[in-house]
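One structure is given below, encoded as structure tokens.
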Amino acid sequence: MATVDIDSIPAVYDAKNTEEEIYKLWESEDAFKADSSSQKPPYSIVIPPPNVTGVLHMGHALDGTLQDILVRYHRMSGYETLWVPGTDHAGIATQNVVEKNLRMEGKTRFDLGREKFVEKTWVWANEHKSSILNQFKRLGASFDRSRERFTLDKGCSDAVKEVFVRLYEKGLIYKGAYIVNWCPRCQSAISDIETDYETEKSNLWEISYPLKDEPGAIVVATTRPETIYGDVAIAVNPTDYKYKDLVGKTVCIPLTGREIPIIADDYVDKSFGTGALKITPAHDPNDYEVGKRHGLKPIWVIDEQGKMKTCEEVHPDVQGLDRFEAREKTVGLLKLNNSLIRIVPIEHNVGKCQRCNTTIEPLLSEQWFVKMEPLAKAAIEAIDKGELRFVPERWTKNYLGWMTNIRDWCISRQLWWGHQIPAYYHKTTGEMVVAKENPDPENYVQDSDVMDTWFSSGLWPLSTLGWPNTENPDFKKFYPTSVLVTGFDIIFFWVARMIVSGYEFSGKAPFSTVYIHGLIRDELGQKMSKSKGNTIDPVGIIDKYGCDALRFTLTSLCTYGGQDIKISDERFEYGRNFANKIWNASRFVMINLDGVDNKPIDFGSLTIADKWILDKLNKTAKEINENIENYRIGETAHTLYEFFWNSYCDWYVEIAKIQLNDEKLKANTQRVLLYVLDQTLRLLHPIMPHITEAIWQKLPLQKDEKLLMKSKFPTYSEKLSFETEAREMEFVFETIKSLRNVRQAFNIPVSLKMNIEIISEGKEEEIFKDIEAYIKRLARVEGIKYIDAKEGEGIKQSASAIVGNSKIIIPLKDLIDINSEIERQNKKLEKILNEKKSLLGRVNNPKFVANAPVELVNQTKERIEELEQTQKAIEELVESLKI
RNA sequence: GGGCGUUUAGCUCAGCUGGUAGAGCGCCUCCCUUACAAGGAGGAUGUCGGGAGUUCGAGCCUCUCAACGCCCACCA
């Protein structure tokens with residue numbers, strides 16, 4: 001015999017304490033730990049590793065919640081489930097933070113030296129990586145901390161070296177001079193996708209270059225006058241008649257007088273500017289290509305700091321100046337020199353460093369690259385072969401577009417924090433060796449560059465599961481992973497690269513599904529960012545509303561199309577209110593469990609309401625399984641909300657109050673209440689893990705598992721299907737609703753119990769007799785009298801309702817106004833007539849009858865019959881009222 | 001320039017394979033009915049952006065126009 005201490009269950013759900021307590025319970029049971037030797041089928045997810053520099057934001061909260069839902073659902077559905085947590089060393093971001101801290105001490109990284117600096121950064125990273133993952137704990141994340149990884153740890157480092165060497169040996173990694181996006185502030189090259197473009201107002205300066213040894217000049221338009229010192233040619237379009245005679249001649253660079261040729265190249269757009277273009281191969285990617293075609297040697301005039309070089313090509317007054325100062329100075333000099341023809345204001349796009357927003361300086365330099373095209377092949381075919389799919393599907397196109405136009409990937413970064421490139425140079429001969437280890441530390445020094453952060457995170461599914469040791473039990477059991485959950489913003493940075501490396505090094509896609517969710521935005525639809533000050537801190541929301549409230553709200557806002565999600569603080573009231581509802585409904589059940597036995601439900605003595613709720617539960621379970629399997633997470637939340645609140649609480653619990661007062665029904669009702677609650681908690685658990693576990697722990701159930709999170713997830717069961725009763729219950733709802741409607745329409749006080757008369761026959765009359773108790777209680781009815789159709793004299797001075805083919809009469813002398821009752825009935829009649837009219841229109845259309853499915857035609861006809869009967873009944877009512 | 005998305009109730013948005021529109025919030029009425037006022041009961045509200053087409057039937061499919069948003073590429 002079970003008892004529940006009700007005093008221990010307050011009427012308002014205490015999320016904070018409950019969540020803390022429950023997470024501790026899971027941890028103490030080591031419940032998130034996966035077993036690679038298990039016989040169960042595997043289900044695995046690797047977390048998109050948050051930056052060590054990061055703090056939990058709403059995007060993490062959504063991403064983490066979705067993963068946790070999938071993981072918890074599969075864990076309960078019989079899979080050996082592994083969710084791998086970890087963090088990313090975030091090369092530039094982390095180095096920036098540590099450098100900033102140093103600056104506050106008045107130091108730079110160079111004061112410390114590389115070794116000391118990296119050491120210091122490790123200390124910082126170690127301190128912070130637990131902090132972001134601990135914040136994920138506040139989310140209820142059921143990841144396996146015993147398998148936590150870091151993109152710079154030994155295992156990841158080994159994988160990185162292995163991959164680098166293999167790709168190098170295959171000729172897919174090469175070192176070469178190329179124009180890269182150089183960030184003068186970060187002092188490093190960055191990749192194309194780390195560069196953002198911003199529209200800026202600027203000028204097009206038209207500068208005149210005089211011809212050598214003859215009168216005349218050619219005028220070029222440029223947005224970067226400071227680069228004239230690096231010019232190696234003036235290019236015009238070969239078809240441009242204006243300049244036809246000038247091609248092949250020589251001009252002098254104003255201010256310095258250096259001589260350069262006029263060349264012809266298709267690249268030049270005749271209609272832009274003056275149609276003549278200055279070529280600066282060292283500082284512009286397109287110019288570099290043109291220069292290469294014409295065998296022109298680049299001249300460097302801007303250094304890595306973004307300052308003008310001190311060299312003979314640069315005008316002495318400009319040497320050493322910052323590039324923007326140099327621009328002003330150069331324009332001034334040109335003006336004095338009469339070389340400046342005019343200034344045309346324009347708006348153009350300027351590349352910016354994604355990390356620090358510094359204007360990018362295209363710079364010709366020696367960097368390491370990965371040849372992507374051969375690697376992309378398998379990643380492209382994966383889609384056609386059906387080995388990889390995106391949810392929602394529209395992202396496939398995006399992914400394929402990028403993959404098929406892929407460019408080589410600049411992987412070297414001139415930083416100190418990261419995986420150092422495993423290339424070694426002989427101290428005297430300069431000979432280069434690429435190897436996992438330094439072949440001879442006496443005589444070889446390692447390349448000083450490190451690799452792009454995304455190089456190591458691109459190996460994440462491989463490296464976290466033990467690759468390159470393919471005999472590792474985790475790798476054998478859990479690779480490839482099941483699904484990758486992330487936002488669309490890192491499809492190119494990360495997802496695409498993981499797919500490429502998955503195919504290259506394991507021959508398989510690292511996951512078969514990429515589930516892409518929307519981005520979190522503020523209530524105005526703007527991206528959340530610290531600089532805008534519009535962020536909502538998930539931890540703050542958890543403190544205020546509770547973790548499960550946060551999870552439920554976020555989940556409910558997910559759409560199948562993966563739309564972005566606008567949130568505001570108040571939206572989380574939705575989840576909090578639902579959590580409170582769950583808490584209180586459970587509280588009601590527990591309060592009413594006195595004398596409960598642990599016997600199974602007696603199916604022989606179920607009431608119509610019992611059968612209805614079991615049927616509804618069963619259908620809900622079916623839907624939930626389908627929804628989660630198909631990544632319809634938002635619908636999962638809505639379905640559960642609707643079932644629990646509108647079916648279980650609003651109707652079944654209210655009906656149970658009646659049945660619990662009936663000694664014959666009490667025990668079985670308790671069992672049904674408890675059973676449905678137990679099953680519902682299981683269904684809700686993946687989305688709202690804490691509250692469900694907390695309640696479940698209190699329920700006096702016979703339990704196979706100690707924890708709800710390890711218990712079986714409900715599925716559809718034929719045994720619980722009660723179609724007929726489910727339909728009959730609709731009759732009950734109709735009846736009660738119409739009676740409530742009448743009460744409200746005529747302002748009948750709740751305290752006044754009504755007496756009603758029913759005109760009915762056959763099956764319907766039987767049902768009425770079955771559900772009398774429900775009607776009496778839920779519609780506050782005193783007595784029910786069954787009368788013959790002919791005894792209808794009481795209709796005068798009564799309100800009435802039609803349910804099915806039956807008439808319910810509510811005699812209300814003095815309480816009702818006949819005219820308003822007539823009006824009320826006429827309104828209903830009008831609705832019915834409207835519906836009937838349109839349905840008749842269909843049925844009378846021979847084409848509809850010929851083309852529509854037979855079922856639909858029959859359904860429509862049946863509906864018309866129903867409507868006609870109701871119409872007739874209402875018309876009779878109105879007639880008798882009028883008398 | 002190329003691609004994608006959005007436009008549905010006052011607000012925020014659902015609506016899967018076409019069968020006469022839904023939720024939450026807000027609003028109006030009533031109710032502290034012994035789980036819950038973070039609650040209960042009842043109610044009002046939409047020519048589904050405009051136009052055309054396909055279909056027996058269109059919020060959903062096709063075309064077109066419009067507005068807003070995002071991504072990619074980038075001409076000095």
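Predicted, not measured: the structure shown is a model, and the values here were computed from it. Letters go in sequence order (proteins before strands), and every chain restarts at 1.
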Can you run down the salt bridge (Lys or Arg N to Asp or Glu O under 4.0 Å) pairs that involve residues 275-294 of chain A, sequence neighbours left out, and say none if there aren't any?
-> A/Asp231-A/Lys278, A/Asp265-A/Arg293
Not counting sequence neighbours, list each pair that qualifies as a salt bridge (Lys or Arg N to Asp or Glu O under 4.0 Å) and has a residue in residues 551-569 of chain A.
-> A/Asp68-A/Arg551, A/Arg521-A/Asp564, A/Lys544-A/Asp569
Using nucleotides 17-19 of chain B, report all nitrogen or oxygen pairs with the protein that are shorter than 3.5 Å.
none

Scan A/Glu642 against the nucleic acid and name what it touches under 4.0 Å (heavy atoms): base, sugar-phosphate only, or nothing.
-> nothing
Applying side chain to side chain donor-acceptor pair (under 3.5 Å), name anything that partners A/Tyr648, two or more places apart in sequence or on another chain.
-> none
Within the sub-3.5 Å range, which N or O atoms of nucleotides 66-69 of chain B have a protein N or O partner, and how far apart are they?
none

Return a table of donor-acceptor pairs under 3.5 angstrom between the side chains of residues 396-403 of chain A and protein atoms on other chains or two or more places apart.
| unit_1 | atom_1 | unit_2 | atom_2 | d |
| --- | --- | --- | --- | --- |
| A/Thr396 | OG1 | A/Glu393 | O | 2.6 |
| A/Tyr399 | OH | A/Ala379 | O | 2.8 |

N/O to N/O distances under 3.5 Å, protein versus nucleotides 46-49 of chain B:
none

Across all chains, not counting sequence neighbours, the salt bridge (Lys or Arg N to Asp or Glu O under 4.0 Å) partners of A/Lys581 are none
Determine which bases of RNA chain B form Watson-Crick or G-U wobble pairs with both distances under 3.5 Å, and write the result as a 5' to 3' dot-bracket string with | for other-strand partners.
-> (((((((..((((.....[..)))).(((((.......))))).....(((((..]....))))))))))))....
In whole Å, what is the span from the CD1 atom of A/Ile810 to the P atom of B/G42?
-> 15 Å
Set of salt bridge (Lys or Arg N to Asp or Glu O under 4.0 Å) partners for A/Lys622, sequence neighbours left out = A/Glu626
Not counting sequence neighbours, which residues clear side-chain contact (heavy atoms from CB on, under 4.5 Å) with A/Arg576? List them please.
-> A/Tyr545, A/Ala549, A/Glu573
Listed pairs, N/O of protein and of nucleotides 29-33 of chain B, under 3.5 Å:
| unit_1 | atom_1 | unit_2 | atom_2 | d |
| --- | --- | --- | --- | --- |
| B/U29 | O2 | A/Gln744 | NE2 | 2.5 |

